[in-house]
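Just below is one structure, and these are the notes that go with it.
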Amino acid sequence: MAADVYDKVFQVAKRRGFLYPSFEIYGGAAGFYDYGPLGAALKANIEELFREFYVTREGCAEISCPSVTPEEVFIASGHVAQFTDPMVKCSQCGEGFRADHLIEGAGFEGNVDVSDTTAMDTLILEHKVNCLHCGGRLAEVYHQNLMFGTEIGPGTRRKGYLRPETAQGIFIDFPHLYRYFREKLPFGVIQFGRGYRNEISPRQGMIRLREFNMMEAEIFLDPAEGKGHPDFAEVTGRVLPLVPKTTGERTEVRLGDAVKDGVVRNEALAYYMALTYDFLVSVGLDPEKIRFRQHLDTEMAHYANDCWDAEFLSARFGWVECVGIADRSAYDLTSHAKASKENMDALRRYDEPKEVSRTIVFPITKVLGPLFKGKAKAVADALAELDPGTVTPEAAVTVSVDGEHLEVPPEGYEIKTVNEKVAGESFTPHVIEPSYGLDRILYAGLEHAYEEDEAVDEESGEKEVYRRLRLPARVAPIKVGVFPLISKEGLPEYAQTVDRRLRRAGIPTFYDDSGTVGRRYARQDEIGTPFCVTIDFDTLGDGEHKDTVTVRDRDTRRQVRLPVNELAGWVRAKLRLAGKHETVMPAIDA
RNA sequence: GCGGGCAUAGUGAAGUGGUAUCACUAUGGCCUUCCAAGCCAUCAGCCCGGGUUCGAAUCCCGGUGCCCGCACCA
């Protein structure tokens, strides 16, 4: 059982307090992990970085919606019907199959209605489908929905689900958000949150979780404006590693060309791919181990019409999706508008309101009222819906109300031409969705940051593994380790005041005076602390180094001596630089 | 869900029916003037349940979890 990088990373993560398997004292549960103190800090730092990218830089607004969600939402979104796999098991050997795949494989022409289990049972009988494995008889088809169900309120008042994605909350709030953004497109909204998927067999550790953290952005835009991005010009020259669906081959192309050649469907998708690349690199992923793979038509989610996954290369799992950038078109808003009967449209304003003259069928309600009593309102509405061109003037007209045909006499309506001012035309915005899997990104960051050397002890000659996490300073849970060189003669006291000053300045630190300084460096290297500060006798003395400390860089082990008064500012400057990979690990001047 | 393997301290390992060992880590102390030094002490463990036996970490049965395949994976 050669320990691969996953094992090694996980071992450090567990031992040092990044990650713990959840519910461990009760035997654990696959697909759930706890974030320990360092993991929670790392997660918070990644979230903060996401805010920096999407809220500060892109101007998105952050909202936060519940995880527990009424069933109607997921009926409208398609998840109840489609976030499910129709399963059928062999009654003999127990082998499980996708029922619809079996039926299609048996020569059935046409669409299998995956929502109708009895229809599928019938089809299985008709086509004499047996177990592919042992030839045994198949049991009944059942739905394996991957959402966690629950009830809202005591008893079974109202069915609900834990959300499988945070996006729906944003879509549902669209009318509010549209007003918040003063009825102007495009705008973006982000949400951090947990999502839940009751995976059948989550056996890939941090990669496939049943409860996981997402950072999702929904960018609403007007499709008539070509799905562009105001800053697209800044990224046209960027070259990203792309794996288009047409070839399946990795190519490196300028984004401007990729859009021009139709490889990437629109500017907005391409822009967010570039942004995502920068984000992943800032979190500490190895730029050489990132690529963008386009979904094949067959693997696209039910709501998407184009989707590029950012994938990272894992030593154990191969290429793993960690961000999905999808063009969801108008799918979600249209679905919710239809299901809720709310208006989810936006208005494309004309420069000047237009005078439009329109011919309409105008109901004369004072005639319809006495004539149709309770149904008068419905009749009036039905009349107004009619196309004036189909109505013969001065004649009775028949309308259909609740399946009943009613004849309206000529005096019940009037055909007239009205002049209206139209401010614009309404349309359903399209959505570009960059959706980030936080847990996977965090794991990727750890795996790509992990480094070990075999150190040979000079005295004993024994080999020892030296582990180091080269996390970017920006995301490292602890920024500075603070040590007295040795534990005596006032060094610890002085070091503690340095530690305290740094923390008061908003810099997370770890004070350590145990063992030798080398051991303390090792401990901090292992959790990715970028800087360690040591207080020595020169600090206390009256010489030229009075009130100066040494700062040691994790990756180069180089040291620099700084006045203690400048320390907090120096560290903060290094942390601010951490937006790009090249600058996150600055060498310290010797 | 199916088949196979595994389960001993925080970590890694030893332990073929008779007092559970060892290393590392951690904690306290001594020592220590910059990269896992040394010394002393301390904490902490047989996955769960049942069976066989005078006696089970060890043998048997069942369960759970993890790993590897198959299947599944918007």
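By convention in this document, chain letters (A, B, ...) are assigned in the order of the sequence lines, proteins followed by strands, and residues within each chain are numbered from 1.
Of all heavy-atom pairs between A/Tyr161 and A/Gly149, the closest is CD2-CA, 3.7 Å. When all heavy atoms of A/Ser67 and A/Thr69 are compared, the pair lying nearest together is O-OG1, 3.0 Å. Taking all atoms of both residues into account, the shortest heavy-atom contact from A/Asn305 to A/Ser329 is ND2-CB, 3.4 Å. Taking both residues in full, the closest heavy atoms of A/Phe174 and A/Met344 are given as CE2-O, 3.3 Å, listed atom of the first, atom of the second, then distance.
One interatomic measurement links the two molecules: CZ of A/Arg520 to P of B/rA26, which rounds to 12 Å at whole-angstrom precision. Here the P atom of nucleotide B/rG1 and the CG atom of A/Asn198 are 12 Å apart, to the nearest Å. Atom CZ of A/Arg552 is separated from atom P of B/rC34 by 14 Å (rounded to the nearest Å). Note: CZ (A/Arg558) to C1' (B/rC34) measures 16 Å, nearest angstrom. Distance A/Gln559 CD to B/rC34 P: 10 Å, rounded to the nearest Å. Note: CD1 (A/Ile527) to C1' (B/rA36) measures 15 Å, nearest angstrom. Regarding A/Asp538, its CG atom lies at a distance of 11 Å from the P atom of B/rC34, rounded to whole Å. Across the protein-nucleic acid pair, A/Asp553 atom CG and B/rC35 atom C1' stand 13 Å apart, rounded to whole Å.
Ring centroids of A/Tyr6 and A/Phe317 are separated by less than 6.0 Å, placing the two rings close together. For A/Phe10 and A/Tyr33, the gap between ring centers is short of 6.0 Å.
Considering only the side chain of A/Ile486, B/rU33 comes nearest among B/rU33, B/rC34, B/rG12. Comparing atom distances between the A/Thr534 side chain and each of B/rA36, B/rC34, B/rU11 picks out B/rC34 as nearest. Among the nucleotides B/rA36, B/rC35, B/rG10, the one closest to any side-chain atom of A/Arg15 is B/rG10. Listed nucleotides: B/rA37, B/rC35, B/rU33. Nearest to the side chain of A/Thr516: B/rA37. In this structure, of B/rC35, B/rU33, B/rA26, it is B/rA26 that holds the atom nearest to the side chain of A/Arg523.
Across B/rU42 and B/rG50, the matching C1' atoms stand 37 Å from one another, rounded to whole Å. B/rC40 and B/rU32: their C1' atoms are spaced 16 Å apart (whole Å). Remark: the separation of the C1' atoms in B/rC60 and B/rC72 is 35 Å, to the nearest Å. Rounded to whole Å, the C1' atom of B/rG10 lies 11 Å from the corresponding atom of B/rC43. Across the C1' atoms, B/rC34 and B/rG29 are found 23 Å apart, a figure rounded to whole Å. For the P atoms, the distance from B/rC59 to B/rU11 is 23 Å, rounded to whole Å. B/rA57 and B/rC6 have their C1' atoms separated by 15 Å, given to the nearest Å. The P atoms of B/rA7 and B/rA44 are separated by 25 Å, rounded to the nearest whole Å.
Taking the six-membered ring where the residue is Trp, A/Phe171 and A/Phe220 present perpendicular rings, their angle passing 60° and hence far from 30°.
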Give the dot-bracket line for RNA chain B from 5' end to 3' end: parentheses for intra-strand Watson-Crick or G-U pairs under 3.5 Å, square brackets for crossings, | for inter-strand pairing, dots for unpaired. (((((((..((((....[..)))).(((((.......)))))....(((((..]....))))))))))))....
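Listed pair A/Lys14 / B/rU11 meets the phosphate criterion, a side-chain N or O lying under 4.0 Å from OP1 or OP2. Residue A/Arg519 places none of its side-chain N or O atoms closer than 4.0 Å to OP1 or OP2 of B/rC24.
Counting any heavy atom pair closer than 4.0 Å across all strands shown, A/Arg316 reaches sugar-phosphate atoms only and no base atom. No engagement by A/Pro21 is indicated, since no non-hydrogen atom pair under 4.0 Å with the nucleic acid exists.
Heavy-atom nearest nucleotides on RNA chain B were determined for A/Tyr6 and for A/Val549, and the one closer to the 5' end corresponds to A/Val549.
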Take A/Arg328 and A/Glu165 through the test salt bridge (Lys or Arg N to Asp or Glu O under 4.0 Å) and record every step on the way to the result. CA-CA 14 Å; A/Arg328 296 179 73 131; A/Glu165 57 172 11; 3.1 Å; yes
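In this structure, the side chain of A/Gln294 engages the main chain of A/Lys245 through a donor-acceptor pair within 3.5 Å.
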Measure all distances between protein nitrogen or oxygen atoms and nitrogen or oxygen atoms of nucleotides 3-9 of chain B, and list the pairs falling under 3.5 Å.
none

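Both tests pass for A/Arg291 against the ring of A/Trp319: distance under 6.0 Å to the centre and angle within 45° of the axis.
Checking each of A/Arg520, A/Arg552, A/Arg519 against A/Asp525 for a salt bridge (charged side-chain N to carboxylate O under 4.0 Å, His left out) leaves exactly one that passes, namely A/Arg552.
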